[in-house]
Amino acid sequence: MAVSGFPQPCVPTSAGWTSLRPELVYSAYEPVSCALHSALELAAMQRRPMRLHMADGTWQAGIILDVWTAQGREWLRLRRPDGDVEIDLTHIQQVQENTAP
């Protein structure tokens, strides 16, 4: 599974996540797309090894443990061999299932 080119921002509502029309976004922060958010939540529920291509060109590999919203942003916790890290979802450009042994 590879997910990239996330066109629609996604925001939390009382009924779950919903698309947000771009003309209604007033702050500099732009939420991640529903496609990215859904792919990350599914990977967290299934505890699948994933590779995340970051905005700085690096790759992060590990198991996504959780996806949540805090401090007005969306985050995930990634378990890597050297320890857990928290990643701002806006820093992720692409998500791939990690099929390497």
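Proximity of I63 to N98: side-chain heavy atoms (C-beta onward) are nowhere separated by under 4.5 Å. With a 4.5 Å cut-off on side-chain heavy atoms, L76 and L65 do not count as touching. V85 places a side-chain heavy atom less than 4.5 Å from the side chain of R80. In this structure the side chain of P49 never reaches within 4.5 angstrom of the side chain of E97, judged on heavy atoms.
What you find for A43 and M50 is that their closest heavy atoms are CB-CG, 3.8 Å. Taking both residues in full, the closest heavy atoms of A44 and V67 are given as CB-CG2, 4.4 Å, listed atom of the first, atom of the second, then distance. Residues V32 and T90 share a closest heavy-atom pair of CG1-N, 3.9 Å. The heavy-atom pair separating R77 from W68 by the smallest distance is N-CZ3, 3.4 Å.
With rounding to the nearest 0.5 angstrom, the CD1 atom of I87 is 14.0 Å from the CD atom of E74. Note: R79 CZ to D66 CG = 11.0 Å, rounded to the nearest 0.5 Å. Note that CD of Q94 and CG of L36 are 10.5 Å apart. Values are rounded to the nearest 0.5 Å. Atom-to-atom distance recorded for H91:NE2 and D56:CG is 9.0 Å, nearest 0.5 angstrom. Separation of atoms NE2 (H37) and SG (C34) is listed at 8.5 Å; rounding is to 0.5 Å.
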Evaluate the side-chain contact (heavy atoms from CB on, under 4.5 Å) criterion for residues R73 and T69: first the C-alpha distance (whole Å), next the side-chain angles of each, then the deciding distance (0.1 Å), finally the verdict. CA-CA 6 Å; R73 300 186 84 79; T69 302; over 6 Å; no
Under the side-chain contact (heavy atoms from CB on, under 4.5 Å) rule, what do L78 and D84 come out as? Steps first, then yes or no, please. CA-CA 5 Å; L78 184 70; D84 295 359; over 6 Å; no
Show your reasoning for whether side-chain contact (heavy atoms from CB on, under 4.5 Å) applies to I64 and R48. CA-CA 7 Å; I64 299 172; R48 291 192 320 246; over 6 Å; no
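When atom types are taken as modelled, the side chain of T58 and the backbone of M54 share no donor-acceptor pair closer than 3.5 angstrom. Side chain of W75 to backbone of A70: a donor-acceptor contact under 3.5 angstrom is found.
Neither side chain, R51 nor Q60, offers a donor N or O lying under 3.5 Å from an acceptor on the other.
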